[in-house]
Every structure is written in structure tokens, then in C-alpha cells.
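We count residues from 1, following the sequence as given. Whatever order the structure lists them in is the order used to number ligands and atoms, beginning at 1. The basis for the numbers below is simple: all heavy atoms, side chains too, and nothing from hydrogens, waters or symmetry mates. Since we're looking at a predicted model, the values are computed, not measured.
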Amino acid sequence: MAYIVLVIDDQPSILQSMEVFFQLRSWKVHTAPDGKKGISLARRVQPDLVVLDIRLPDMDGLEVLKELRSRVPNAEVIMITAHQDMESTIKAIKAGAFDYLHKPIDIDEMDSVLKRLRAMMSAAPVAADDESANQPLGGLDTLHLIGKSKAMKEVFKKIALASGARVTMLVQGESGTGKDMVAQAIHRNSPWNNKPFTVMDCSTLAPSLVESELFGYEKGAFTGADRTRAGRIELTGDGTVFFDEIGELPLHLQSRLLRFLQEGQFVRVGGVAPIQSNARIIAATNRDLLAMVAEGTFREDLYFRLKVVTIHMPPLRDRRSDIPDLARFLLEKIAARTALRPRMLSEGAIGELMKRDWPGNVRELENSLTRAALMTKSTVLSEEELAAALDGDRYQPATERSVKSLADAERDHILFALESYEWSLGKTCQALQISRPTLRAKIRTYGLGKNS
Ligand SMILES: Nc1ncnc2c1ncn2[C@@H]1O[C@H](COP(=O)(O)OP(=O)(O)OP(=O)(O)O)[C@@H](O)[C@H]1O
């Protein structure tokens, strides 16, 4: 089955060129010259994608977008806008459009948005364009895993190959590279995706609790065990148990996990009867497990058992070409999370992001962009604004920095929060995690006003 696209535009030349563009990529194309016809056609053909001009003869493109969101909620929408339509473009993105393209439409840009769309809708291989070109978007997973660099294409390929088999997998990579997301993608793309996905974060659970959490316990197994309880493996049934930071799993539990992997059964703490389980195990680590094996803190047999299928998550500095798409995606995510206006990036700002090393990988990129979105007011971030927001005065030597009093810092921070949320007291209280009366009292104390 081919993807279905509906192009709504009043310019016959655009309709024609889009028709050719999509037909060449094996899409089924429908076209409409105005908003009303577009909406009624969309209801009939249920497209996977709508390419929508923001200026239409009969209706405002934003209204059409709103109608489409409620009548064909599964369709993604790409807006076609003019450069001077920035305000409406932002509104469109806020109202749920996937992306926008400026007129005249650049084919490469359109291709790149389409690829990103498909990567967003599924963790299925972006690399496998040819194989996946004829699958409907609607049926696919909606996990947001961005990347079209060679290294990420390898990751997608492995996810696709390994998700179908119940093999144990190891996801390795530096912190913040997306290991957690990959584990979820493997589960979501597996035939058992309607079964539970259970996370065991070995770094945060107290070692004394891990065993009973994982394998469950029998009534009377220890003080306080007043009833029998199933552990996470048992509760997961045929689903997936994701061991995050497997390197932190205490040695005695490594043996128990290995036995479970070998025999497919386990015994509850304090119990004797073995319990069968079909749960699939995915483990992740940012540690060098081989080095841990050498120093005796990780069992060699468990290491070999886990590493049969390994996915290496490349650090962000080794796939800089992913940074523009990632940054745009993260800015949309940040806007949705913070209720701030979505920010866009100038060419210079993208260059600034691409030249950094990002030791904390995608997580650091996301945190930095959140900071930039909060600190700047511009809709389109320039290189200078971005650099200033990212570096702030954090990297100035302490001798050059004048240390503010606590009261001044509090005043500035409250003002900054108020301005970030355009003086919405509700949102500001939520962000600062203080009550409304406290915020009002602080506004009075510091004499803050819109022109402070
Ligand atoms: N390819 C990606 N596309 C979109 N977002 C991503 C991608 N990779 C990572 N992220 C985002 O970056 C953040 C960190 O990702 P994640 O928690 O999966 O990393 P991790 O490698 O498991 O980190 P850690 O080792 O610290 O647990 C998350 O907010 C995630 O949504």
C-alpha cells in the first residue's frame, strides 16, 4: 500500500510539481485548489500527509489546519509559507503542523522534511528508504528518534533487524546518546509491543532492593514480606525488561540474571519453585564492560551472553550532520513542554551548534537549547544569541565575574521567568515551583513590573 498525500494549494504550478514529486516517490497523490475542497477530500481519502498552503483563496490556512487536526488526526501536515509569513508559520507549528517549507519549494528541502517525518513517525530504518517507501505511515510507531547520518542509519538497521527476534541485546554508548530511546524502539517495533516494557534502572535502585524487585519474593522471605509479590520479570510476561546501566548491577545479581538468561526461569526470593518467563532482556550501559570484566566487577560469562547483538550508539560529535534536524526537533519538543513560543534557528546558530563537541550528547544539546529558548526572546535565534545563551557567564573566569547578592540573583531570576512566560503568573509559579501568593509577594518586594 502506498502512502497517501493530499496537496492543498491554489497555484496550479505548485500542484503539478508536487504531484510529480510525490508520484516519483511512489506516493498516491490527491490535490485540491482551496480549503473547503481540501477538507472534504481529506475526510474521504484519509491521507497520511497533507501539504497545505498557508494562504488559500477561501479560508485561512491555519483554520484548514485546525479542521484537519480534528477530522483527520492521523495525517501529518507540512505548511507551505512565504518568508514574510513568519508569525503564521509559528502559529501553524504551534497548532500541530509537522514542519513548514518556504516558497519557492526546494526539492532537497522537501525530501529532507519527508525523511525526518518518517524518522519521527517510526524508529524503523530511515536508511531503508526503498524498502519502507510503500508502507503507510499511519500503522507505524510514533517514537521520536531523529537521525539520518550514516552512523544512525546503522542503528536503525539494527533496530529493524533485531526487533523481530527475541534475542537479548546490549546497547552501548556514552551518556545521553539515546540508548533508552533505542531500547524502547526495539520493543515498540517488536511483535510483542502490546506487552509491558519494564525499566530496571540499576543505578538508582538500592542494591538490597534489586533482587526482590526483579525476581519478586515469597511471603515471609524477609522481615516485612507480609505477602507474596511478583517481581518485574514475572509482571513483564512476554514483554521486555530493560536493564538501564547494567554495569551497576551487583555481582551476585549478575549471576542470577545469567542463570535466568540461560534457563528462562527464576525463583522468587525465599521461594523454591522455578517460574518460567519469556521476557526479553535489553541491557544498556555507558561503562566499558570489557574493562569491568578485566577488573573483576562484571561477570565475563554475562558479558558474552549480553553482547551477542550489540548496538553502539555513536556520540553526537561523530554525527554532526544530525545536529540541525535534532535541534529543530528538540526546539519543537521544548516549546510543547514549556509552553514557550517555538524558536527557530538561523543558519549561523546551526553552525554554532555544529561546531561544539557535546560531551553530554543529545541530552546536553536538549538542555542547552532549553536554556537558549528560555533566555532569548527572538523567534529566530541568531548565532550570537545562541552562543551567549549557551555559554552565558558560566565559562568566564571567576575573577572577572562579579558575584551578585542572593537577593539580586533571586530578583533577576524571577524577572527572567516572568518575561519568559510573558507575565503569566500561573505558568511562572509552575516553573518556579512557588505559590501564587509567594510570587505576588516577591514581585512587590522587588518592585518588579513589565518594564523592570
Ligand atoms: N536520536 C534522538 N532523537 C531525538 N531525541 C533524542 C535522540 N537521542 C536522544 N534523544 C533525547 O536525548 C535525551 C537522552 O536520551 P536517552 O535517555 O535515551 O540517553 P541515554 O543514552 O539512555 O542516556 P544515559 O546513559 O544517561 O541513561 C532524551 O531526552 C532523549 O529524548
Side-chain angles (χ1 to χ4, degrees), residues 98-99 112-113 115-127 140-160 169-189 197-205 240-249 281-289 292 306 310-338 342 345 353-354 356-373:
F98 173 76
D99 210 333
S112 120
V113 172
K115 275 195 186 154
R116 197 156 61 80
L117 174 71
R118 290 185 22 209
M120 286 255 305
M121 312 252 333
S122 161
V126 218
L140 291 177
D141 181 275
T142 57
L143 194 72
H144 296 173
L145 196 50
I146 305 294
K148 51 190 184 199
S149 57
K150 205 159 165 262
M152 280 304 283
K153 284 178 181 173
E154 280 306 310
V155 170
F156 289 127
K157 234 188 255 174
K158 280 210 166 161
I159 293 174
M169 297 189 64
L170 179 63
V171 189
Q172 283 185 305
E174 291 177 14
S175 189
T177 44
K179 300 185 292 297
D180 189 324
M181 291 192 82
V182 165
Q184 290 184 47
I186 295 167
H187 176 72
R188 290 201 197 196
N189 285 283
F197 177 83
T198 308
V199 180
M200 274 295 293
D201 187 342
C202 308
S203 65
T204 52
L205 270 175
T240 303
V241 183
F242 172 48
F243 283 80
D244 203 0
E245 308 299 353
I246 187 89
E248 309 301 322
L249 194 67
I281 304 298
I282 302 178
T285 184
N286 55 23
R287 309 267 307 261
D288 180 350
L289 290 187
M292 290 182 72
L306 290 174
T310 303
I311 295 187
H312 287 281
M313 292 307 294
L316 193 51
R317 63 185 168 280
D318 289 350
R319 48 179 164 118
R320 288 173 202 263
S321 60
D322 284 338
I323 290 179
D325 280 350
L326 265 171
R328 280 189 280 266
F329 167 76
L330 291 170
L331 281 170
E332 280 169 31
K333 181 172 156 190
I334 292 160
R337 199 177 54 214
T338 58
L345 296 162
L353 292 177
M354 287 181 81
R356 293 174 183 240
D357 273 348
W358 304 109
N361 296 294
V362 186
R363 181 177 295 108
E364 187 189 0
L365 177 66
E366 184 169 352
N367 291 342
S368 300
L369 288 171
T370 306
R371 188 176 143 84

Does Met313 have a heavy atom less than 4.0 Å from any atom of ligand 1? no

Yes or no: does Gly147 have any heavy atom under 4.0 Å from an atom of ligand 1? no

Could you tell me whether Lys333 approaches ligand 1 through its side chain, its backbone, both or neither, with non-hydrogen atoms closer than 4.0 Å? side chain

How does Asn361 reach ligand 1, by side chain, by backbone, by both or by neither, if only non-hydrogen atoms under 4.0 Å count? neither

Using distance alone, decide if ligand 1 has a nitrogen or oxygen within less than 3.5 Å of any nitrogen or oxygen in [X].
{"X": "Val362", "result": "no"}
{"X": "Met181", "result": "yes"}
{"X": "Glu366", "result": "yes"}
{"X": "Phe329", "result": "no"}
{"X": "Leu330", "result": "no"}

For ligand 1, which atoms, with element, lie under 4.0 Å from some heavy atom of Gly178? 8 (N), 9 (C), 15 (O), 16 (P), 18 (O), 19 (O), 20 (P), 21 (O)

Quickly, which of Asn286, Asn361, Leu316 forms a side-chain contact (heavy atoms from CB on, under 4.5 Å) with Glu174? Name it, please. Asn361

What distance separates [X] [atom1] from [Y] [atom2], expressed to the nearest 0.5 Å?
{"X": "Leu369", "Y": "Ile334", "atom1": "CG", "atom2": "CD1", "value": "5.0 Å"}
{"X": "Lys150", "Y": "Glu154", "atom1": "NZ", "atom2": "CD", "value": "7.0 Å"}
{"X": "Glu245", "Y": "Lys179", "atom1": "CD", "atom2": "NZ", "value": "6.0 Å"}
{"X": "Gln172", "Y": "Thr177", "atom1": "CD", "atom2": "OG1", "value": "10.5 Å"}

Check Pro324 against Met354 and note the closest heavy-atom contact, atom names and distance. CG-SD, 3.8 Å

